Student: 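Quick one: the structure is below, and I'll ask about it shortly.
Source: prediction; values computed, not measured. Computed over heavy atoms, backbone and side chain alike; hydrogens, waters and symmetry mates excluded. Letters go in sequence order (proteins before strands), and every chain restarts at 1.
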Amino acid sequence: MREGACRFDLWYVQVNWEGSTVYRVRFMKSGQEAPVPSAILRYLAGRTRGIPGLSSIATKGSSVYAAIYREVSLVPYGTTCTYGEVAARVGTSPRTVGQAMARNPTPLIIPCHRIVASRGLGGFTPSVELKMALLEIEGTRKKEM
DNA sequence: CAGTGTTCAGGAT
DNA sequence: ATCCTGAACACTG
């Protein structure tokens, strides 16, 4: 299992991966820089639309959460989707989608920042500022809330 | 058991 | 028009 970290907007982004499978992505306030997959660096720099070539371990499995993560992965770069819409497509409740996002082991790979509330921005761990920064990269209009 | 990164309908201001 | 109340839901401590 390889581990690395890069900086982004006052945060350290720690990545654990092996080959093309990403096991964990975490945002931390402090850390040490170490090599991470270049696709992630390019994405964070706003030079590519999305993160090609990498997949999250969380999309594998038969649980409801895995189904939610797969559905979220289909949301196109630069657009947003609501908790309710995802819930309807998976066949579960909006709250469960929110819970799945909160426990998302691999943000960025699974674009949980593209999931917003029906009215407003919704939440984000560890901070909504980070969510806005990510949407900013993708050029997403933060429409009126 | 309680609590979540929600949402919607229904009713009262 | 806004503000409040409940209910549905899949997991985790």
Student: Base, sugar-phosphate alone, or nothing: which one does A:A117 contact when heavy atoms must sit under 4.0 Å apart?
Tutor: sugar-phosphate
Student: Quick one: on DNA chain C, does A:V64 or A:P94 contact a more 5' nucleotide (nearest heavy atom)?
Tutor: A:P94
Student: Base, sugar-phosphate, or nothing: which does A:T92 touch, judged by heavy atoms less than 4.0 Å apart?
Tutor: sugar-phosphate
Student: Taking the side chain from A:R89 and the backbone from A:E71, do they hold a donor-acceptor pair closer than 3.5 Å?
Tutor: no
Student: To the nearest Å, give me how far apart NZ (A:K131) and C1' (B:dT6) are.
Tutor: 11 Å
Student: In whole angstroms, how far is the C1' atom of B:dG3 from the CZ atom of A:R95?
Tutor: 7 Å
Student: Expressed in angstrom and rounded to an integer, what is the separation of A:R119 atom CZ from B:dT7 atom C1'?
Tutor: 11 Å
Student: How are the rings of A:Y43 and A:H113 set relative to one another: parallel (under 30°), tilted (30 to 60°) or perpendicular (over 60°)?
Tutor: tilted
Student: Give me the ring orientation class for A:W11 and A:F27: parallel if the planes are under 30° apart, tilted from 30 to 60°, perpendicular past 60°.
Tutor: perpendicular
Student: Calculate the interatomic distance between A:Y83 atom OH and B:dT7 atom P; express it in whole Å.
Tutor: 7 Å
Student: Between which nucleotides of DNA chain C, read 5' to 3', does contact with chain A run, using atoms under 4.0 Å from its heavy atoms?
Tutor: C:dA8 to C:dT12
Student: Can you see if the side chain of A:S118 gets near the phosphate of B:dT6 - specifically, an N or O under 4.0 Å from OP1 or OP2?
Tutor: no
Student: Rounding to an integer number of Å, can you tell me how far A:Y65 OH sits from B:dG5 C1'?
Tutor: 11 Å
Student: Mind checking whether A:L108 and A:M101 sit in one hydrophobic cluster, side chains of I, L, V, M, F, W, Y counted as touching below 4.5 Å?
Tutor: no
Student: Convert the base pairs of DNA chain B into dot-bracket notation, remembering that pairs crossing earlier ones are written with [ ] and that bases paired across to another strand are shown as |; include only Watson-Crick or G-U pairs under 3.5 Å.
Tutor: ||||.||||||||
Student: Find the distance A:R103:CZ to B:dT6:P and express it as a whole number of Å.
Tutor: 13 Å
Student: Linking I/L/V/M/F/W/Y whenever any side-chain heavy atoms sit under 4.5 Å apart, do A:L135 and A:L130 land together?
Tutor: no
Student: Please confirm whether the backbone N or O of A:T59 pairs with a side-chain atom of A:R70, one donor and one acceptor, at under 3.5 Å?
Tutor: yes
Student: Roughly how many Å apart are C:dC3 and B:dG5, using the C1' atom of each and rounding to a whole number?
Tutor: 22 Å
Student: Please determine whether side-chain contact (heavy atoms from CB on, under 4.5 Å) holds for the pair A:I57 and A:Y69, giving the CA-CA distance in whole Å, both sets of side-chain angles, and the decisive distance to 0.1 Å.
Tutor: CA-CA 10 Å; A:I57 187 71; A:Y69 293 141; over 6 Å; no
Student: Between B:dT6 atom C1' and A:F124 atom CZ, what is the distance in whole Å?
Tutor: 17 Å
Student: Can you tell if the side chain of A:S55 reaches within under 4.5 Å of the side chain of A:K60, non-hydrogen atoms only?
Tutor: yes
Student: Just by distance, with hydrogens left out, do A:T96 and A:S93 show a side-chain donor and acceptor under 3.5 Å apart?
Tutor: yes
